[in-house]
Amino acid sequence: MSEGRNVKILITGGCGYIGSHTILRLLEAGHDITVIDNLTNSLPESLLRVEKLTGREVSFVEGDIADTSCLQKIFDQGNIEAVIHFAGFKAVGESVAQPLSYYRNNVSGTLNLLETMDAYGIRNLVFSSSATVYGTNPDMPLKEDLPLQATNPYGRTKQHVEQILTDLQAADARWRIALLRYFNPVGAHPSGLIGEDPQGPPNNLFPFVTQVAVGHRDRVHVFGNDYVTPDGTGVRDYIHVMDLAAGHAAALNFLAEHQGLHTWNLGTGRGYSVLEIIQAFEAASGTTIPYELVDRRPGDAPISLADPSRALYDLGWKASETLEDMCADAWRWQQNNPDGYRTKTSLPGEGPPC
Ligand code: UD1
């Protein structure tokens with residue numbers, strides 16, 4: 001793998017929110033993309049729309065990373081040089097209720113992927129981690145070398161996989177690994193054709209707000225207004241999903257030139273409160289977002305903010321989209337697709353089952 005050259009990349013979980021935006025970015029950079037996705041929480045319609053936007057084809061396999069023979073079939077077709085690993089469960093509350101399924105899917109699934117990659121000599125990996133690994137550490141802004149202390153099973157699956165990858169790279173220097181810790185990804189591609197499509201009630205603030213704006217839900221519940229923050233509501237580092245996508249492309253380029261394991265925060269370094277998000281979204285959408293103050297959500301930190309300076313220094317990457325862009329793009333997506341990808345403009349493509 002060398003920088004600037006077209007690379008054939010396997011994207012696990014590529015039909016999902018961050019995966020689909022990243023694929024679009026990588027296709028635009030000239031890379032070739034194969035996706036493996038079991039469609040648990042996503043629809044293949046997202047890939048059709050990426051193909052429409054880019055005029056390029058994506059090779060899609062409906063399958064699971066826990067299925068070794070499925071991965072083998074993909075790798076046997078040859079030339080995959082790098083993997084970007086998004087596949088995994090991500091709902092905090094569900095992870096508390098069903099920890100075994102989270103450890104099985106997120107940790108065991110990853111082990112299977114790594115073993116199969118290793119057997120094929122594919123040792124370039126970008127891993128989709130999360131700022132959730134910092135837990136409720138109050139040491140703001142959060143730097144990559146802080147101790148990790150995830151507070152729920154979902155977060156611990158990310159932390160465990162980071163540790164597994166660290167041990168793997170220490171044992172075999174041929175592995176080149178990037179751990180990307182996302183802060184709060186929001187927004188959508190500016191075309192309004194792809195975006196976030198939660199299955200069931202959204203757990204996260206931004207998609208909840210957009211669903212209230214479009215009339216699917218009555219009001220936003222604001223979880224707590226007694227935090228030690230300027231207006232008492234929780235503060236987060238929201239990052240536009242297209243900036244995040246660019247971060248993956250930058251990390252991949254970096255791995256082409258550098259050995260080792262590298263960890264980067266992908267955030268803006270700037271925080272907004274829940275009430276600021278509601279106001280900004282009202283301004284961008286011209287709607288009124290009714291809200292109600294309710295109790296804190298257990299496990300929520302008052303503030304979460306990235307120190308993104310390492311990514312700037314190493315990768316030359318910096319988020320550039322504003323909160324106004326995030327709101328305008330999320331609104332365009334939601335308005336054009338009130339029912340997400342079920343608001344079909346074309347029939348979903350069926351990938352060959354494994
Ligand atoms: C949450 C997860 C985190 C995960 C991330 C993925 C928890 C505790 N944390 O982060 O592990 O990596 O999503 O994107 O679930 N809020 C409301 N009303 C809502 C929803 C949220 O007031 O209906 C508030 C929250 O209290 C928080 C802010 O909005 O202050 C952002 O919440 P959310 O979008 O869920 O993200 P995180 O909690 O940061």
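Note that the structure is a prediction, hence the values are computed from the model and not measured. We count ligands from 1, going down the list as the structure has it; atoms in each ligand are counted the same way. When a residue number appears, it is its place in the shown sequence, counting from 1.
Heavy-atom contacts of Ser130 reach the following atoms of ligand 1: 12 (O) (cutoff under 4.0 Å). Within ligand 1, counting atoms from 1 as listed, the ones closer than 4.0 Å to a heavy atom of Phe223 are 16 (N), 17 (C), 18 (N), 19 (C), 20 (C), 21 (C), 22 (O), 23 (O), 26 (O). The contact set between ligand 1 and Gly234, taken as ligand atoms under 4.0 Å from a residue heavy atom, comprises 30 (O). Near Asn184, the atoms of ligand 1 lying under 4.0 angstrom from a non-hydrogen atom of the residue are 36 (O), 37 (P), 39 (O). If you number the atoms of ligand 1 from 1 as listed, the ones under 4.0 Å from a heavy atom of His221 come out as 17 (C), 18 (N), 19 (C), 22 (O), 23 (O). Taking a cut-off of under 4.0 Å to the non-hydrogen atoms of Tyr154, the atoms of ligand 1 that pass are 4 (C), 11 (O), 12 (O). Which parts of ligand 1 touch Val222 is read off a 4.0 Å heavy-atom cut-off, strictly below it: atoms 22 (O). Against a heavy-atom cut-off of under 4.0 Å, Asn203 is close to the following atoms of ligand 1: 20 (C), 35 (O).
Ile164 has its side chain within reach of Val107: a pair of non-hydrogen atoms, C-beta onward, lies under 4.5 Å apart.
A cation-pi arrangement is absent between Arg49 and Tyr341 under the rule of less than 6.0 angstrom and at most 45 degrees off the ring axis.
Using modelled atom types, one finds no donor on one side chain facing an acceptor on the other under 3.5 Å when comparing Asn336 with Thr343. A donor-acceptor contact closer than 3.5 angstrom links the side chains of Ser285 and Thr287. Donor-acceptor pairing under 3.5 Å is lacking for the side chains of Thr263 and Glu144.
Ion pair Arg174/Asp172 flagged as a salt bridge, since at least one NZ, NE, NH1 or NH2 atom sits closer than 4.0 Å to an Asp/Glu carboxylate oxygen.
Closest to atom 35 (O) of ligand 1, if we only count protein heavy atoms, is Arg297 NH2, 2.8 Å. Counting only heavy atoms of the protein, atom 9 (N) of ligand 1 lies nearest to Val92 CG2, 3.7 Å. Considering only non-hydrogen protein atoms, atom 34 (O) of ligand 1 sits nearest to Leu205 N, 2.8 Å. Looking from atom 8 (C) of ligand 1 to the surrounding protein, the closest heavy atom is Asp300 OD1, 3.1 Å.
Looking at Val235, Thr229, Asn204, Val274 and measuring to atom 13 (O) of ligand 1, the nearest heavy atom belongs to Asn204. Considering each of Val133, Val294, Thr132, the one bringing a non-hydrogen atom nearest atom 3 (C) of ligand 1 is Thr132. The residue from Arg236, Arg181, Lys90, Lys158 that puts a heavy atom closest to atom 27 (C) of ligand 1 is Arg236.
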Pair Lys73, Asp76 - check salt bridge (charged side-chain N to carboxylate O under 4.0 Å, His left out), show working.
CA-CA 5 Å; Lys73 271 187 212 158; Asp76 280 338; over 6 Å; no
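Note on ring orientation: taking the six-membered ring where Trp is involved, the planes of His160 and Tyr103 are tilted (angle from 30° to 60°). Ring orientation note: the planes of Tyr102 and Tyr154 are nearly perpendicular, at an angle over 60° on the 30°/60° scale.
With sequence neighbours excluded, the residues satisfying ring pair (Phe, Tyr, Trp, His ring centres under 6.0 Å) with Trp264 are Phe254, His262.
Only the side chain of Tyr238 comes within contact range of ligand 1, with a heavy atom under 4.0 Å; no backbone atom does.
Between Phe206 and ligand 1, not a single N/O pair is under 3.5 Å apart.
Around the OH atom of Tyr291, the shell of radius 6.0 Å holds no more than 12 heavy atoms that belong to other residues, nucleotides or ligands.
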